[in-house]
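Take a look at the structure set out below.
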Amino acid sequence: MSQWDCLLQNLGEWQGSFTRFSAQGDELEDTPTVVSLEGLNGNQTIRQIIRRLTPEPSEKVLEYSTLGRGILFFEDGAFSQGALQFAPFSEFGAELGLVHGDRRLRLVQLFDQASRCDRLTLIREHLAGTTTPERPPLTVEGLLGTWQGEATTLYADWRTPNTFSSTLQIQREGDRLLQRFSFGSGASSQTIASVAEIDGNRLMFTQSLQPAQVVLLPDGASSNCPMQIKPGQSFVLEAGWLIQPNLRQRIIRSYSDKGEWLSLTCVTEQKVSAIQGT
């Protein structure tokens with residue numbers, strides 16, 4: 001399936017809202033929206049209309065027939081678009097989108113000129129005429145357990161995609177969250193262990209070379225990104241979505257230690273066992 005065909009999985013009228021949060025996860029503003037994507041000329045062109053309904057109604061119309069280098073799509077319509085290169089002293093960011101049935105979840109992560117995570121925008125949408133309910137806000141308890149995943153990685157240089165399996169174990173010990181992530185097979189398999197401090201609706205991973213935080217958000221969503229991007233360190237931008245209690249998706253945009261966008265990975269995870277917190 002071509003990248004354009006993958007984009008077409010997003011056609012339709014998406015009703016929802018753009019909700020702005022501080023970097024710490026505090027809600028700042030919620031704006032009802034309608035975003036429609038319509039295929040023209042036998043789906044050779046896309047017309048995208050973005051309507052903000054309040055407080056001051058506005059409309060923006062885009063038409064395009066090609067895709068830029070900063071965007072990649074998966075076959076189910078999941079995607080990410082953003083900067084090709086991180087550079088200090090300039091604003092930086094990316095959008096990460098997941099699609100499941102008649103619902104869509106998008107997250108925009110923006111960094112200021114000091115490379116600090118500045119704000120988040122969570123976009124929760126459903127197709128017009130559908131009534132699938134929104135998920136409850138994500139909690140630490142909803143993450144606990146062992147998750148078996150299947151992942152696909154697309155590459156910014158368009159080389160052949162890679163698929164692999166993964167296992168993510170998440171356990172709570174008091175105010176700490178313990179993670180163990182294993183992926184690959186045979187000689188290429190890797191395991192990464194990490195510890196987060198639980199701070200309200202945030203998980204603070206401060207012990208790594210590139211300290212990061214996960215913010216737990218409405219609709220089962222999560223935002224994972226560096227608190228401040230350090231030049232010379234690789235990093236990832238990630239959005240997660242707990243679609244059902246035992247089904248989660250994550251989309252991960254990876255950058256090199258030189259700040260170059262390398263790849264985009266989409267993981268679908270099933271919870272196979274529960275781990276009780278202590």
Side-chain angles (χ1 to χ4, degrees), residues 1-20 29-87 90-111 118-130 132 152 154-159 161 219 221 237 239 241 249 251-253 255 260-266:
M1 182 181 289
S2 70
Q3 282 289 295
W4 190 260
D5 288 335
C6 295
L7 161 66
L8 297 179
Q9 304 307 306
N10 287 270
L11 292 183
E13 181 179 293
W14 298 93
Q15 301 175 349
S17 66
F18 287 41
T19 310
R20 289 199 307 119
E29 181 183 39
D30 185 64
T31 304
T33 54
V34 176
V35 177
S36 63
L37 287 92
E38 177 188 3
L40 306 176
N41 306 321
N43 288 340
Q44 298 301 304
T45 299
I46 296 293
R47 174 180 292 159
Q48 181 174 343
I49 304 175
I50 304 167
R51 298 186 183 93
R52 294 177 181 262
L53 306 182
T54 62
E56 296 182 5
S58 65
E59 180 176 291
K60 182 178 182 180
V61 180
L62 305 171
E63 287 194 8
Y64 45 91
S65 54
T66 59
L67 295 173
R69 287 190 55 223
I71 189 167
L72 283 174
F73 286 85
F74 292 91
E75 291 187 0
D76 65 354
F79 71 96
S80 176
Q81 62 179 337
L84 292 169
Q85 177 75 47
F86 162 73
S90 61
E91 293 186 348
F92 171 78
E95 176 183 357
L96 302 140
L98 292 164
V99 182
H100 186 80
D102 53 24
R103 290 195 65 85
R104 192 166 73 153
L105 183 139
R106 296 185 284 145
L107 177 71
V108 179
Q109 299 171 334
L110 293 175
F111 295 78
D118 183 45
R119 59 192 184 276
L120 307 170
T121 300
L122 180 67
I123 305 163
R124 294 163 281 172
E125 300 169 309
H126 63 275
L127 283 170
T130 64
T132 301
T152 299
L154 307 177
Y155 294 95
D157 61 6
W158 297 334
R159 80 182 88 150
D219 198 17
L237 309 178
W241 193 13
Q249 284 192 325
I251 187 164
I252 306 153
R253 190 177 178 98
Y255 286 81
E260 302 165 315
W261 177 39
L262 296 178
S263 64
L264 185 67
T265 300
C266 191

For Trp4 and Asn43, indicate whether the former's side chain and the latter's backbone hold a donor-acceptor pair under 3.5 Å. yes
Counting N and O atoms only, with roles assigned by atom type, does the side chain of Arg103 sit under 3.5 Å from a partner on the main chain of Thr132, one being a donor and the other an acceptor? yes
Give me the atom names and distance for the closest heavy-atom approach of Gly97 to Ile251. O-CD1, 3.7 Å
Can you confirm whether Phe74 sits close enough to Leu264 that some side-chain heavy atom of one is under 4.5 Å from a side-chain heavy atom of the other? yes
Spacing of Thr19 atom OG1 and Leu120 atom CG [to the nearest 0.5 Å]: 11.5 Å
Would you find a donor on one side and an acceptor on the other, under 3.5 Å apart, between the side chain of Ser17 and the backbone of Thr31? no
Has the side chain of His126 got a donor or acceptor atom that lies under 3.5 Å from a matching backbone atom of Gly16? no
When you look at Phe86 and Leu237, which way does the side chain to side chain contact (heavy atoms under 4.5 Å, CB included) test go after all the steps? CA-CA 12 Å; Phe86 162 73; Leu237 309 178; over 6 Å; no
Could you tell me which residues satisfy salt bridge (Lys or Arg N to Asp or Glu O under 4.0 Å) with Asp30, sequence neighbours excluded, listed by chain and number? Arg124
Donor-acceptor contacts, no H, no angles, side chain residues 61-73, under 3.5 Å, sequence neighbours left out:
| residue | atom | partner | partner atom | Å |
| --- | --- | --- | --- | --- |
| Glu63 | OE2 | Arg47 | NE | 2.8 |
| Glu63 | OE2 | Arg47 | NH2 | 2.9 |
| Tyr64 | OH | Gln48 | OE1 | 2.8 |

How far apart are the C-alpha atoms of Leu127 and Trp14, what are their side-chain angles, what is the distance that settles it, and do they pass the side chain to side chain contact (heavy atoms under 4.5 Å, CB included) test? CA-CA 5 Å; Leu127 283 170; Trp14 298 93; 3.6 Å; yes
Students often mix this up, so state it plainly: with edges at 30° and 60°, are the rings of Tyr255 and Phe92 parallel, tilted or perpendicular? perpendicular
Please round to the nearest 0.5 Å and tell me the distance separating atom CZ of Arg20 and atom CD1 of Ile123. 12.0 Å
If you round to the nearest 0.5 Å, how far is CG of Leu154 from CG of Leu262? 13.0 Å
Assess whether atom CD of Glu59 is packed by more than 12 heavy atoms of other residues, nucleotides or ligands within 6.0 Å. yes
Please answer whether the main-chain N or O of Ala221 pairs with a side-chain N or O of Asp219 as donor and acceptor at a distance below 3.5 Å. no
So, for Pro32 and Thr54, which heavy atoms are closest and what is the spacing to 0.1 Å? CD-OG1, 3.0 Å
Specify the closest pair of heavy atoms between Cys266 and Leu98, including all atoms of both residues, with the distance to one decimal. SG-CD2, 4.0 Å
Side chain to side chain contact (heavy atoms under 4.5 Å, CB included) between Phe18 and Glu29, worked out: CA-CA 8 Å; Phe18 287 41; Glu29 181 183 39; over 6 Å; no
At their closest point, which heavy atom of Ala239 faces which heavy atom of Leu107, and how far apart are they? CB-CD2, 3.8 Å
Are any of the side-chain heavy atoms of Leu40 and Glu38 separated by less than 4.5 Å? yes
Just by modelled atom types, is the Leu110 backbone N or O under 3.5 Å from a matching donor or acceptor in the Asp118 side chain? no
Can you name the closest pair of heavy atoms from Val35 and Arg104 and give their distance? CG1-NH2, 4.1 Å
Separation of Leu84 CG from Glu260 CD (nearest 0.5 Å): 10.0 Å
Atom OG1 in Thr121, atom CD in Glu95: separation rounded to 0.5 Å? 9.5 Å
Using 0.5 Å steps for rounding, measure from the OG1 atom of Thr130 to the CD atom of Glu13. 10.5 Å
Heavy-atom closest pair, residues Leu53 and Val34: CD1-CG2, 4.2 Å
Begin with the C-alpha distance, continue with both residues' side-chain angles, and end with the deciding distance and a verdict on side chain to side chain contact (heavy atoms under 4.5 Å, CB included) for Gln9 and Asp76. CA-CA 6 Å; Gln9 304 307 306; Asp76 65 354; 6.0 Å; no
